[in-house]
Asks: 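Sending over a structure as structure tokens; questions will come in a sec.
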Amino acid sequence: MEAGTVSVVHPRGTELLATARVDERRIAWLFVCTGIALFGVMGLMGLAMRLNQAEVVTLSDSWFYRLMTLHGAGMLVAVLLAAMGALWFTLRATVPLHLGRMVFTYLSILGGAVLVLIAVLIGGFAAGWTFLWPLPFDSFGAWRPWSTDVFLVGLLLVGAGFFVFCLDVLMQTTATYGGLQRALGISYLRNRDDSPPPPVALAAMAVAIEGLIATAVGTTIVVALIGRAIDSGLEMDALWAKNLTYMFGHSIFNLVIYLFAGAVYVLLPGYAGRPWKTTKPIVVAWLFTIVFVATAYGHHLYMDFVQPAWASGVASIASFGAALPPAVVTIFTGVVLIWGSRYRWTLASTLLYLGFMGWAIGGTGAVIDSLIPLNFKFHNTLWVAGHFHTYLLMGVVLWTFALFVRMLEESAGRTARDGVSAFSLGALLVGGYGLVGVWYVSGALGVPRRWAIHPEGSAGYSLVASIFAIVFAVGFLVLLLECLRLARIASVQRWERIPAPRRSLPARAAPEPLLSTGYQFAAVCAATVVFVGSYAPPITDAVESSIRYHHLQHAAMYLVGLLVGVAFASLPAVFARIRSHPNLGITLVIAAPVVMMLGMVPAVYESLEPNWGLHLLYHIGMAALGVVTGLAAGALGLVAGRLVFVLSIGMALMYAAGVTGG
Amino acid sequence: MKVAGGQFYWTIDPAVLPAHTKIRFDVTAVDVNHGFGIYDPDGRLIGSVQAMPGYVNDLRLTFDKVGEYRIRCLEYCGLSHHDMVASFRVEEQA
């Protein structure tokens, strides 16, 4: 690595590196800088917790668990923002992602983060970022009731931001590559497409589809909890709540890695001077992820023996099926790309390379933990903290630093200094792997996670870990100072003067309605009749005997409206009007299901039931919300619209099946 | 053995168990989720199961080592989560 005004990439890498326009750079700066700033603050909180466990400083129990809650939620936001910024930066070279929607995503997530801060710092909320029912409402007087409400609304905003991001990626990528099968590489697998999407688009598609599913599930449990805040009589099944919570939480953290893996497909070739081409193993690996990632979360419930055995079996297979193929294929092909390429080793490119190591080691730790016999000994020990900190801290965070440094090196027209880079990298590696190594060792010995004060005799592990954390922090600080030096050299005008690249984008596919054949219309009509059938007298009688049946009938009314809405949206005259309002469609497909679920809070509908007219209006209202959702889904086009349609059905049924009370 | 977790205590009945006999733990929770983690007399975690409100999880274990076994909560349950410890004894049968 030589400092100076030399090329910061491989001699043949300039045309391979994503040449970003001003918008892409601004978004990347915004998301990555916010992510790094949050990471720094949340990291200090993590160090404070470790020092408390080491008995070096003394935090009250309240403050320890508040910091623990904030650290988890804050780090989620930090790595999610950085990873979304990275994918947007790299994907937009080939897919025209929507700038306004990305700005909304940022503001929504930031707004959510502010509410979480208020809930924790002022309201004392300390139920953990996983907010496992019924703990948020059973604090034993430790936090103020309003803080739970504020925390949940904050999470809802974070989810809304991510949902919009995923919808935009899905809509634009499928339009760019000519439909779902082409965008997923399935046409290429079947030898019907000679020009498959680049690997970044495959990763983006996997993230978008799974992100929408995970966020819909997360929204369902969060809205159910908000319902509990509205109505203290509302109850929910603890196993149901746990499934939804972990499906959302596990998937989101998984997707953060995949977001960045997509960006690495674009960033690495610039340093290797070789293109990272789409191959059939890469396509298959990402299809595996799409199929399996939604059920991999089940390993969090291995120790809930009331969970059906088949579900744990599926989770075990899915944990391997979702994690291994993309990791193995990406890391293997990445190393092959670098091998013999005269790889241009700079601070940025070294961080990119080291991120593979964190992904591989952290992924291995996760796979070990997902083996049922080992999970019996490792469940909720510090081993768990070890594996997810490895792939986040030594994978995603190092990749975030890599993108940050890469943009600065390009802007400054020179690389970071050799000696400073070596020192920083050394401290990051020694400190980072020392920190996570202590978690693995102490976890294997059974030290529990999420304990403010560790069992007698185990404070020494925390002391050693704290020292390693400080070493990592020194490396981080040195890296930031070097970045500051590069930023001084670069001027804003310099990188904004970089000409917009000429791009030859594939012809975009025209939007299609959700239903286009007579059979599809007939199927929707048949399903509508079935749901209307839920008002037949025997079923209506059964509804009076069970709150779940009652909620299912409300859900059926919403589904009737949804089907009618989808059918209307697909009529040529209607579709021609709504297709030009995708942003309104996005807004309504988020808002209408949330209102529908809040409408199923017992306190909302119980007061209407004695009055025949109001009761009828309530049911018409549920159907109207369905119509709105269906019409709005129609405005999103074929792929995104159909997925949203299915997710809306899922949300209504999940909510009805899990929420009781009243 | 009947086990119930509550904020922030364990109720365990009986408190003494025979060695070399398969024991079935019926584990539940009276308020929020807890984690029933069993540590052997040498301090090693030998197994765990979740204690969940509204459900009973059955855990079956055979203890070959006599002595005092410690219970630690392995699911975050509130501000005194780390204080939620208990113990039972395993003894040779007469």
Side-chain angles (χ1 to χ4, degrees), chain A residues 53 60-66 68-69 124 126-130 132-143 235-242 300-307 373 375-381 383-384 443-458, chain B residues 1 3-10 23-62 65 68-87:
Chain A
Q53 289 165 334
S60 66
D61 293 342
S62 170
W63 270 108
F64 179 89
Y65 290 115
R66 285 156 88 170
M68 184 189 82
T69 301
W129 89 268
T130 45
L132 211 53
W133 161 264
L135 182 59
F137 301 96
D138 211 343
S139 74
F140 224 63
W143 52 87
E235 291 292 334
M236 61 192 89
D237 183 283
L239 185 62
W240 171 87
K242 202 180 252 191
H300 286 271
L301 283 92
Y302 281 162
M303 295 306 112
D304 292 288
F305 300 157
V306 288
Q307 177 90 333
N375 190 272
F376 193 54
K377 302 280 179 71
F378 291 166
H379 193 81
N380 278 348
T381 66
W383 179 279
V384 182
L445 294 171
V447 178
R449 68 186 286 219
R450 292 177 168 160
W451 272 38
I453 300 163
H454 277 171
E456 200 177 326
S458 50
Chain B
M1 178 186 257
V3 178
Q7 288 173 313
F8 297 96
Y9 61 89
W10 291 105
I23 307 293
R24 193 186 78 197
F25 293 88
D26 292 340
V27 183
T28 189
V30 298
D31 39 45
V32 302
N33 287 279
H34 302 278
F36 182 68
I38 305 173
Y39 289 75
D40 73 8
D42 298 326
R44 292 196 191 92
L45 177 63
I46 58 170
S48 74
V49 67
Q50 291 277 296
M52 200 173 4
Y55 286 92
V56 177
N57 280 313
D58 287 347
L59 170 68
R60 289 155 205 255
L61 283 176
T62 303
K65 208 179 283 181
E68 184 160 328
Y69 286 71
R70 292 183 75 82
I71 307 301
R72 294 189 175 117
C73 184
L74 292 185
E75 185 64 64
Y76 176 60
C77 59
L79 299 193
S80 294
H81 165 55
H82 55 276
D83 288 330
M84 200 170 148
V85 293
S87 63

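Throughout, protein chains are lettered first and strands after them, A, B, ... in sequence-line order, and every chain is numbered starting at 1.
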Asks: According to the interplanar angle, ranging from 0 to 90°, do the rings of A:Y65 and B:H82 count as parallel (below 30°), tilted (30 to 60°) or perpendicular (above 60°)?
Replies: parallel

Asks: Counting heavy-atom pairs under 4.5 Å with chain B, which one of A:T130, A:D304, A:D61 comes out on top?
Replies: A:D304

Asks: To the nearest 0.5 Å, how far apart are CZ in B:R72 and CG in A:N380?
Replies: 14.5 Å

Asks: Which answer fits B:D31, side chain, backbone, both or neither, if we ask what part of it has an atom under 4.5 Å from a heavy atom of chain A?
Replies: both

Asks: Taking every heavy-atom pair that is under 4.5 Å apart, which of B:L45, B:D58, B:N33, B:L79 has the most such pairs with chain A?
Replies: B:L79

Asks: Would you mind checking which part of A:T381 comes under 4.5 Å of any heavy atom in chain B, side chain (CB onward), backbone (N, CA, C, O), both or neither?
Replies: side chain

Asks: Shortest non-hydrogen contact from A:F64 to A:Q53?
Replies: CZ-NE2, 3.6 Å

Asks: Taking all atoms of both residues into account, what is the closest heavy-atom pair of B:P41 and B:Y69, and its distance?
Replies: CD-CZ, 3.5 Å

Asks: Find the distance between CE (B:M84) and OH (B:Y9) and round it off to the nearest 0.5 Å.
Replies: 8.0 Å

Asks: Check whether B:F36 gets within reach of chain A through its side chain, its backbone, both or neither, counting any heavy atom under 4.5 Å.
Replies: neither

Asks: Are any of the side-chain heavy atoms of A:F305 and A:Q307 separated by less than 4.5 Å?
Replies: no

Asks: At a 4.5 Å cut-off on heavy atoms, which part of A:A126 comes close to chain B: side chain, backbone, both, or neither?
Replies: both

Asks: Quick one: which of A:M303, A:R66, A:R450, A:H379 has the most heavy-atom pairs under 4.5 Å with chain B, could you say?
Replies: A:M303

Asks: Of all of B:G47, B:G54, B:G78, which one pairs up most often with chain A through heavy atoms under 4.5 Å apart?
Replies: B:G47

Asks: To the nearest 0.5 Å, tell me how far B:D83 CG sits from B:Q7 CD.
Replies: 12.5 Å

Asks: Against chain B, label A:D237 side chain, backbone, both or neither, depending on which of its atoms sit under 4.5 Å from a heavy atom there.
Replies: side chain

Asks: Which bit of A:R449 is near chain B, if near means a heavy-atom gap under 4.5 Å: side chain, backbone, both or neither?
Replies: backbone

Asks: Whether the A:K242 and B:Q50 side chains hold a donor-acceptor pair (N or O, under 3.5 Å, no angle test) is what I'd like checked.
Replies: yes

Asks: Contact part of B:V27 toward chain A, heavy-atom cut-off under 4.5 Å: side chain, backbone, both or neither?
Replies: neither

Asks: So which residue, A:V447, A:L445, A:L132, ends up with the most heavy-atom pairs under 4.5 Å with chain B?
Replies: A:L132

Asks: Is it the backbone or the side chain of A:L239 that comes under 4.5 Å from a heavy atom of chain B, or both, or neither?
Replies: both

Asks: Using a cut-off of under 4.5 Å for heavy-atom pairs, which of B:R44, B:R70, B:M52 has the most such pairs with chain A?
Replies: B:M52

Asks: Considering non-hydrogen atoms only, spot the tightest contact between A:F378 and A:G443 and give its length.
Replies: CD2-O, 4.4 Å

